[in-house]
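Below you'll find the structure, written out as structure tokens, and then a few comments.
The structure displayed is predicted, hence computed values, not measured ones. These numbers come from the heavy atoms of this one structure, side chains and all, not from hydrogens, waters or symmetry mates.
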Amino acid sequence: MRQTNLLVTTLREAPAEAETRSHQLLLRAGYIRQVAAGVYTYLPLGRRVLRRMEQIVRQEMESAGAQEVLMPSLQPAELWRESERYEVYGKELMKLRDRHDREFVLGPTHEEVVTALMRGEISSYRRLPVTVYQIQTKFRDERRPRSGLLRGREFLMKDAYSFDTDWDGLDQAYQVMYSVYERIFDRCGLKYRAVQANAGAIGGKGQNHEFMALSEIGEDTIAVCSLCGYAANLEQAEVQSGAAPHRPDFAGRPAPERFHTPAQKTIQQLEQESQLRPQDIIKTLIYTGGGKTFAVLVRGDHEVNELKVQKYLGCGDITLADYEHVQEAAGTGSGYVGPAGLSVPILVDAAVAAMTEAVTGAGAEDYHLRGVVPGRDFPLTQVGDFRNAVTGDSCPQCGEGELDFHQGIEVGHVFKLGTVYSEKLGAGYLDADGRTQPMVMGCYGIGISRLLAAVAEQNNDDQGLIWPQGLAPFTVHILLMSVKDTAQRELAEALYARLTALGIDILLDDRDERAGVKFKDAGLIGIPVALVVGKLAAEQRIEYMDRRTGNKEVIDIGEAVLRVSSLKSAPDTAFA
């Protein structure tokens, strides 16, 4: 490709709304352009990187026996009603009606469609197992699209689905896909961790893992053990409760003492105004969910993990109670609620149950209680792990290491769905005894457009992007310093023709621009190797620049061809 023909416009400054480094650089380097909030056009450079990623995904998926299909983005609402997700998925589900008033959704995912497909295609155990995948555009009506491609309303995704006769088969398929994901992300040059996770809106009855690209701007927090291989999303990270403390006889212990705490509704205010330590305070939070009102108790230096509470109660979404529900349950407003005398069920975090005494709300405006004893002043009938893990917590897996925390960007997720969808949508098969059994399913997704942004977030410097060699839009960038210099022009053209004949993707900067402009644009675009054809052209010598290391070396043309050829170690059919 000649740069005079390439549809690319670089920007000196990024638009004001671009906050993350990847968003800024992808815009400035001419890879993407915004059409609407969370909706982007991929220009030729961006599309080429996506195709590189797609090719890696296809190679690894098909090496594992998966077969590519293409399912529609436009999905009948009836399928979503069959799976019982039409109403519960939430406002992120984009809904529409056609001219005949039939309801459809723009698919954020394809569990319903693929299950219906297999329901019609497979009827016997002899045709299982099977794994299919697709690379398809997905849609989610994000409330606040942000961070460019990291949180969009339209995005490119690879999703795969495995169908087996039993859970042993699913276990094998899951491990195969887990390994496939590791190879894909390794080939993309990504720094990542696989972590235990929550299934979210996809659902399922088995284990699942998220693949997290490590990044300071990541929206997810990852808990990692300092000794063993344990890693989990903060939502899923377990907390060791430890041994229950020995409790002395409550007889003779003084009753809780009420003290004045005017306008001290928060832990921070109690700490500053009353000189209390957060770890000595119990927070009492009133929630509603599943048609019930209940309280959750955590220590003042801890936060409630709502997903753990939902799992314990076996209900859907829970929300902090409104003013009326809090008043009804506690007789006072938020900030002064305490567990003593509550008329609603109380879920007590294990760290609270381990306290010998604590400060709590007094159930009256502007007052708290000190000397509240768990088990005496409020019941310990429902004790569990209801909080977020924090730095220094013991590892729940090895018990010896301590948890540390990192930020991450979710780029992949693998699920064991089990029979959740096959039972609801009637995807069954006849076993060897002629009995109908539900297919056992797995689901495996990679956000390809998000992966592009995550790689860009990890691979840049003060000049611009620096793509891993396997993902770069072109293998080499030839920079012709002066198009008016005959020796330079002829050498650049000869080098371009020779490398192109070897099947190597080359971008030749043949523009009539100043050298400074060419170097700045090359730095922004981020092709990892540049060949600079300049004043030494008459001697058949050029400058070889390694964008990642910053090394520059003058070499002759023959050596340049050998080096560039070695970068293309395997056939690349991404642009065939």
Side-chain angles (χ1 to χ4, degrees), residues 22 25-26 31 42 45-68 131 133-136 149-150 155-160 162 173-195 209-215 218 229 231 408-414 444-460 465-477 503-505 507 525-529 546-549 563-576:
S22 61
L25 291 177
L26 290 170
Y31 282 77
Y42 295 88
L45 288 175
R47 184 66 187 116
R48 290 179 75 90
V49 177
L50 282 179
R51 290 179 67 185
R52 299 280 191 200
M53 290 178 168
E54 291 171 16
Q55 186 65 14
I56 290 172
V57 167
R58 285 190 170 95
Q59 289 172 352
E60 295 298 339
M61 290 298 296
E62 295 185 12
S63 72
Q67 303 173 65
E68 186 170 8
T131 299
Y133 78 98
Q134 67 169 349
I135 296 175
Q136 174 64 288
L149 302 180
L150 292 176
F155 52 95
L156 190 65
M157 186 172 176
K158 186 284 300 177
D159 50 334
S162 64
Y174 188 89
Q175 290 305 318
V176 168
M177 286 297 112
Y178 189 102
S179 298
V180 164
Y181 275 41
E182 289 181 318
R183 293 197 298 272
I184 289 171
F185 295 132
D186 287 343
R187 289 181 63 181
C188 289
L190 195 70
K191 303 179 186 73
Y192 68 94
R193 289 292 298 262
V195 305
H209 288 85
E210 289 173 332
F211 288 79
M212 294 284 191
L214 302 180
S215 171
I409 301 167
E410 181 189 348
V411 292
H413 205 155
V414 291
Y444 320 93
I446 291 178
I448 294 180
S449 49
R450 179 179 280 200
L451 178 59
L452 184 152
V455 172
E457 197 69 44
Q458 290 184 349
N459 293 270
N460 63 77
L465 297 162
I466 313 174
W467 292 106
Q469 189 67 60
L471 298 182
F474 294 91
T475 304
V476 173
H477 201 169
I504 298 169
D505 288 310
L507 178 60
I525 291 170
I527 298 169
V529 172
D546 187 318
R547 180 77 175 78
R548 185 165 294 278
T549 64
R563 289 194 187 185
V564 172
S565 298
S566 69
L567 299 175
K568 192 171 183 296
S569 58
D572 188 349
T573 58
F575 303 101

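- Nearest heavy-atom pair across V176 and A64 is CG1-CB, 3.8 Å.
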- Under the salt bridge (charged side-chain N to carboxylate O under 4.0 Å, His left out) criterion, do D505 and R52 qualify, and how do the steps go? CA-CA 12 Å; D505 288 310; R52 299 280 191 200; 3.0 Å; yes
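- Residues passing the side chain to side chain contact (heavy atoms under 4.5 Å, CB included) test with L465, sequence neighbours excluded: L25, L26, A29, Y31, A456, W467.
- Aromatic ring centres of F185 and F211 lie closer together than 6.0 Å.
- The list of salt bridge (charged side-chain N to carboxylate O under 4.0 Å, His left out) pairs with a residue in residues 174-185, not counting sequence neighbours, reads E60-R183.
- Below 30°, between 30° and 60°, or above 60°: for Y178 and Y174 the angle between ring planes is between 30° and 60°, a tilted geometry.
- The side-chain heavy atoms of S215 and E457, taken from C-beta on, include a pair separated by under 4.5 Å.
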- Message: Let's go through V455 and L451 carefully: what are the C-alpha distance in whole Å and the side-chain angles of both, what is the deciding distance for side chain to side chain contact (heavy atoms under 4.5 Å, CB included) to 0.1 Å, and is it a yes or a no?
- Response: CA-CA 6 Å; V455 172; L451 178 59; 4.1 Å; yes
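- In this structure, V529 and R547 have side chains that are not in contact, with every pair of non-hydrogen atoms separated by 4.5 Å or more.
- Residues passing the side-chain hydrogen bond (donor to acceptor under 3.5 Å, both in side chains) test with R450, sequence neighbours excluded: none.
- Residues M53 and I446 have side chains not in contact (no heavy-atom distance under 4.5 Å, counting atoms from C-beta outward).
- Partners of Y133 by ring pair (Phe, Tyr, Trp, His ring centres under 6.0 Å), not counting sequence neighbours: none found.
- Put simply, the side chain of I56 reaches to within 4.5 Å of the side chain of C188, judged on heavy atoms.
- With a 4.5 Å cut-off on side-chain heavy atoms, M177 and M61 count as touching.
- Scanning for side-chain hydrogen bond (donor to acceptor under 3.5 Å, both in side chains) contacts around S449 gives an empty result, with sequence neighbours left out.
- A donor-acceptor contact shorter than 3.5 Å links the side chain of K158 to the backbone of Y444.
- Looking at residues two or more places apart in sequence or on another chain, you find a side chain to side chain contact (heavy atoms under 4.5 Å, CB included) between R193 and V195, L214, V224, A231.
- When side chains are defined from C-beta on, P473 does not count as touching L507, because their heavy atoms never get closer than 4.5 Å.
- Residues that satisfy the salt bridge (Lys or Arg N to Asp or Glu O under 4.0 Å) test with E54, not counting sequence neighbours, are R47, R58.
- When side chains are defined from C-beta on, M212 does not count as touching V411, because their heavy atoms never get closer than 4.5 Å.
- Between the side chains of Q59 and R187, a donor-acceptor pair is found at a separation under 3.5 Å.
- Partners of D159 by side-chain hydrogen bond (donor to acceptor under 3.5 Å, both in side chains), not counting sequence neighbours, listed by chain and number: Q134, K138, Y161.
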